[in-house]
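Before any comments, here is the structure.
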Amino acid sequence: MINEEVQMFLKALASEKRQEIMFLFLDKREVTVNQVAELVKIGQSTASEQLAILKKSGLLTSRKEGKEVYYSPRQDKVMELLEKLNVVMTNCCK
């Protein structure tokens, strides 16, 4: 059976928009909801929803500064989940 954490990871990355959001972190260390909405060309509420899904799956962390919420990737968690996925895929395809 696939680990629940790995399933959440795969579900979080199943959306093209969430993939686009994750790729934003290649150029930036932190992004706000407004920046995500502008860069990915989605509404602010949609950006907020997508960021919440990525955060719930463990891929992002956030911090609040005044009214702004800044999101950044959890590299350690992403790498851990990729390793778990690798184990699952290696074991399934023997």
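This structure is a prediction, so every number in the text was calculated from the model and none was measured.
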Query raised in the report: L60 and M22: side-chain contact (heavy atoms from CB on, under 4.5 Å), yes or no, with the steps?
Result: CA-CA 9 Å; L60 299 180; M22 289 304 293; 3.8 Å; yes
Query raised in the report: Looking at CE of M8 and CG of N3, how far apart are the two atoms once the value is rounded to the nearest 0.5 Å?
Result: 10.5 Å
Report task. Applying side-chain contact (heavy atoms from CB on, under 4.5 Å), run through L24 and V40 and close with a yes or a no. Result -> CA-CA 9 Å; L24 293 177; V40 180; 3.8 Å; yes
Query raised in the report: Applying the 4.5 Å side-chain criterion to the ILVMFWY set and letting contacts propagate, would V36 and L26 be lumped into a single cluster?
Result: no
Report summary line: F25 and Y71 have their tightest heavy-atom pair at CE2-O, 3.3 Å
Report task. Apply side-chain contact (heavy atoms from CB on, under 4.5 Å) to Q44 and N34, showing your working. Result -> CA-CA 6 Å; Q44 185 177 353; N34 291 332; 3.1 Å; yes
Query raised in the report: So how far is it from Q19 CD to Q50 CD, rounded to the nearest 0.5 Å?
Result: 11.0 Å
Query raised in the report: In Å and rounded to the nearest 0.5 Å, what is the NZ to CE distance from K84 to M79?
Result: 13.5 Å
Query - Verdict with reasoning, K55 to T61, per side-chain hydrogen bond (donor to acceptor under 3.5 Å, both in side chains) - result: CA-CA 6 Å; K55 185 176 177 184; T61 188; 6.0 Å; no
Requested in this report: Is it possible for you to say whether L51 and V78 belong to one hydrophobic cluster, with membership spreading through side-chain heavy-atom contacts below 4.5 Å?
Outcome: yes
Query raised in the report: How far apart are the C-alpha atoms of L59 and I53, what are their side-chain angles, what is the distance that settles it, and do they pass the side-chain contact (heavy atoms from CB on, under 4.5 Å) test?
Result: CA-CA 9 Å; L59 301 178; I53 291 168; over 6 Å; no
Query raised in the report: Are E65 and R63 close enough for a salt bridge, meaning some N to O gap below 4.0 Å?
Result: yes
Requested in this report: Could you tell me whether E80 and R74 make a salt bridge, using a distance below 4.0 angstrom between a side-chain N and a carboxylate O?
Outcome: no
Query raised in the report: For the atom pair CZ (F9) and CG (L54), what is the distance rounded to the nearest 0.5 Å?
Result: 10.5 Å
Query - Note, E5 side chain near K77 side chain (heavy atom, < 4.5 Å) - result: yes
Query raised in the report: Applying the 4.5 Å side-chain criterion to the ILVMFWY set and letting contacts propagate, would V87 and L82 be lumped into a single cluster?
Result: no
Query raised in the report: Less than 4.5 Å apart, any side-chain heavy atom of I21 and any of L39?
Result: no
Query raised in the report: When rounded to the nearest 0.5 angstrom, what distance separates CG in L85 from CG in L10?
Result: 5.5 Å
Query - pair S72-R29: side-chain heavy atoms closer than 4.5 Å - result: no
Query raised in the report: OG/S62 to CD/E30 distance, rounded to the nearest 0.5 angstrom?
Result: 10.0 Å
Query - Whether over 12 other heavy atoms sit under 6.0 Å from E38 CD - result: no
